[in-house]
Amino acid sequence: MAALSFNPSRIRQPLLQTHKPISNFTCLTEFSFQSLLSKSPKAKLKSLHIPSCSVSEASISSTLETEEGEEDDDPTAELVYLDPEIDPQSITEWELDFCSRPILDIRGKKLWELVVCDTTLSLQYTKYFPNNVINSITLKDALVSISDDLGLPLPDKIRFFRSQMQTIITRACNELGIKPVPSKRCLSLVLWLEDRYETVYTRHPGFQKGAKPLLALDNPFPMELPENLYGEKWAFVQLPISAVREEVSNLETRLVFGASLDLDLLGIEIEDNTLIPGLAVASSRAKPLAAWMNGLEVCSIEVDVAKASLILSVGISTRYIYAIYKKNPVSTSEAEAWEAAKKACGGLHFLAIQNDLNSDDCVGFWLLLDLPPPPV
């Protein structure tokens with residue numbers, strides 16, 4: 001099976017000052033949820049020192065298996081691959097990108113490309129299209145061809161991350177009885193596109209160096225959080241990666257709401273005692289809150305230090321002001337430390353929803369990875 005390798009250097013454990021832990025989490029700070037229309041909350045802050053951790057530039061490499069070795073060297077070749085050891089019935093969700101590439105065809109027009117995979121890259125499909133056939137019918141026919149050519153059933157869901165293509169993709173999926181899921185949680189696809197840019201597109205005879213993506217990803221102004229998504233308290237926290245893996249395993253064994261990432265597939269190597277930054281949210285209605293959150297395709301959390309707020313990204317282009325805090329030198333320092341810890345871990349972080357911050361259990365747990373957009 002072809003695999004993507006994401007190989008940052010091993011991450012050293014951040015040094016924490018002595019503190020009183022909250023539950024199983026290392027607590028960085030604790031706040032109350034407040035409406036954006038109310039006054040800023042008074043935060044009880046504890047000092048934290050996280051020195052910068054040296055991490056090399058993440059490198060992405062992919063080995064694509066083909067029947068004829070010569071095809072590996074041909075950047076114009078199209079790919080149709082299904083891991084022979086995988087059960088086709090087990091691939092129920094696909095990830096899809098249908099967009100122009102920085103490549104001109106013989107007419108001098110930009111080529112478009114359909115790229116389809118699953119989260120494990122057991123399915124890999126690519127096909128070029130001229131720009132005058134880009135519509136939902138072309139996409140629908142291509143999806144049917146993938147199924148027919150590989151003896152693969154059509155998926156239950158297809159995730160995609162470009163809002164500009166939502167109409168075409170949604171229409172094609174609806175006609176085939178597939179649920180379209182707009183989401184930036186297409187991590188295998190994004191990493192594969194980064195790899196294809198370096199190993200395929202730049203070597204294509206029609207490659208246009210310096211060409212900007214035709215369909216750039218949206219990064220809209222964050223909106224106020226819907227009332228049903230408010231918790232009661234929240235805290236910057238950290239967990240050892242071993243404990244994070246345990247929480248991820250609970251998603252299946254204890255039917256906890258949330259979403260995981262296959263760190264082994266992504267090739268993310270982190271030592272067991274490395275602390276992963278996250279956000280713990282407490283609510284007396286934790287289960288309904290987690291259920292609501294579960295339908296949002298949670299992508300990432302970031303701190304807007306300048307505005308003393310947390311930004312929650314969901315779906316393709318929806319950004320919420322998840323929480324605010326009182327801005328002062330201490331809170332700013334801790335917010336910056338949390339972001340630095342996330343960066344040191346290659347963008348890995350998590351969201352945990354609990355009944356109480358002192359609880360040992362999570363009602364919802366989302367493992368998140370903050371990745372830059374692909375170069376195409």
Side-chain angles (χ1 to χ4, degrees), residues 78 91-105 107 109-119 123-149 152-194 196-197 201 211-223 226 259 292 294-300 311-320 371-376:
E78 297 173 338
I91 302 179
T92 59
E93 298 183 5
W94 295 359
E95 299 178 3
L96 178 153
D97 186 40
F98 194 28
C99 187
S100 68
R101 301 297 181 232
I103 298 171
L104 299 184
D105 60 18
R107 303 172 301 139
K109 304 295 185 181
K110 273 194 174 183
L111 270 180
W112 281 60
E113 184 186 41
L114 173 64
V115 175
V116 176
C117 67
D118 70 322
T119 57
L123 164 64
Q124 299 174 27
Y125 179 93
T126 69
K127 185 176 179 60
Y128 291 118
F129 293 90
N131 68 343
N132 58 356
V133 297
I134 305 305
N135 53 53
S136 62
I137 297 175
T138 296
L139 179 57
K140 182 190 70 172
D141 292 344
L143 296 178
V144 172
S145 294
I146 296 174
S147 177
D148 292 342
D149 294 346
L152 186 69
L154 289 172
D156 298 328
K157 299 178 181 179
I158 288 182
R159 283 183 171 83
F160 61 96
F161 62 86
R162 296 192 198 271
S163 60
Q164 300 92 334
M165 296 302 295
Q166 185 162 355
T167 299
I168 287 178
I169 294 174
T170 299
R171 186 173 298 166
C173 287
N174 287 342
E175 291 186 10
L176 295 173
I178 301 169
K179 181 179 179 180
V181 182
S183 172
K184 287 184 179 178
R185 290 187 67 92
C186 302
L187 301 180
S188 296
L189 177 61
V190 169
L191 291 174
W192 189 21
L193 287 173
E194 290 181 4
R196 284 185 63 77
Y197 181 83
Y201 307 146
K212 295 182 179 180
L214 178 63
L215 304 179
L217 299 189
D218 293 333
N219 194 33
F221 192 80
M223 305 179 294
W292 275 104
N294 204 48
L296 293 181
E297 290 289 314
V298 179
C299 302
S300 66
I311 307 301
L312 175 70
S313 295
V314 303
I316 289 182
S317 57
T318 301
R319 301 172 76 230
Y320 292 121
L371 284 179
V376 292

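Starting from 1, each residue takes its place in the sequence as its number. Side-chain atoms are counted along with the backbone in the values below, which use heavy atoms only and exclude waters and symmetry mates.
Note that CG of L139 and CE of M165 are 7.0 Å apart. Values are rounded to the nearest 0.5 Å. One finds the CD atom of Q124 at 9.0 Å from the CZ atom of R196 (value rounded to the nearest 0.5 Å). Rounded to the nearest 0.5 angstrom, S317 OG and Q164 CD are separated by 8.5 Å. Separating the OG atom in S100 from the NZ atom in K109 is a distance of 13.0 Å, to the nearest 0.5 Å. Note that the CZ atom of F161 and the CD1 atom of I316 stand 9.0 Å from one another [nearest 0.5 Å]. Remark: L193 CG to S188 OG distance equals 11.0 Å, nearest 0.5 Å.
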- Message: Test side chain to side chain contact (heavy atoms under 4.5 Å, CB included) on K157 and V181; report intermediate values, then the result.
- Response: CA-CA 7 Å; K157 299 178 181 179; V181 182; 4.1 Å; yes

- Task: Decide side chain to side chain contact (heavy atoms under 4.5 Å, CB included) for L114 and T126; before the verdict, give the C-alpha distance in whole Å, the side-chain angles of both, and the deciding distance to 0.1 Å.
- Result: CA-CA 5 Å; L114 173 64; T126 69; over 6 Å; no

- Message: Could you walk me through whether I168 and T138 satisfy the side chain to side chain contact (heavy atoms under 4.5 Å, CB included) test, starting with their C-alpha distance in whole Å, then the side-chain angles of each, then the deciding distance to 0.1 Å, before giving a yes or no?
- Response: CA-CA 10 Å; I168 287 178; T138 296; over 6 Å; no

- N131 vs R107, side chain to side chain donor-acceptor pair (under 3.5 Å): CA-CA, chis, key distance, verdict: CA-CA 10 Å; N131 68 343; R107 303 172 301 139; 2.9 Å; yes

- Query: Can T318 and M223 be said to form a side chain to side chain contact (heavy atoms under 4.5 Å, CB included), step by step?
  - Reply: CA-CA 8 Å; T318 301; M223 305 179 294; 3.7 Å; yes

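Across all non-hydrogen atoms, the minimal contact from P182 to Q166 is CG-NE2, 4.0 Å. Scanning both residues, A172 and S136, for their nearest heavy atoms gives CB-O, 3.6 Å. Of all heavy-atom pairs between Y320 and P226, the closest is CE2-CD, 3.5 Å.
Side-chain atoms of L312 and R319, non-hydrogen and from C-beta on, never get closer than 4.5 Å to each other. In this structure the side chain of C173 never reaches within 4.5 angstrom of the side chain of K179, judged on heavy atoms. Counting heavy atoms from C-beta outward, F160 and S183 have side chains that stay 4.5 Å or more apart.
Classification of D105 and R101 as a salt-bridged pair fails, no side-chain N sitting under 4.0 Å from a carboxylate O. A salt bridge links R162 with D97: the closest approach of a Lys/Arg side-chain nitrogen to an acidic carboxylate oxygen falls below 4.0 angstrom. Comment: R159 does not engage E95 in a salt bridge, judged by the lack of any side-chain N to carboxylate O separation of less than 4.0 angstrom.
With hydrogens and angles ignored, the 3.5 Å screen pairs no side-chain donor or acceptor of E93 with any backbone N or O of T119.
Between F98 and F129, the distance separating the two ring centers is shorter than 6.0 angstrom.
Screening V115, L152, I146, L143 for a side chain to side chain contact (heavy atoms under 4.5 Å, CB included) with Y125, the sole residue that qualifies is I146. Partner of I158 under the side chain to side chain contact (heavy atoms under 4.5 Å, CB included) criterion, chosen from I178, T170, L176: I178.
With sequence neighbours excluded, no residue forms a salt bridge (charged side-chain N to carboxylate O under 4.0 Å, His left out) with D149. For R185, there are no salt bridge (charged side-chain N to carboxylate O under 4.0 Å, His left out) partners, not counting sequence neighbours.
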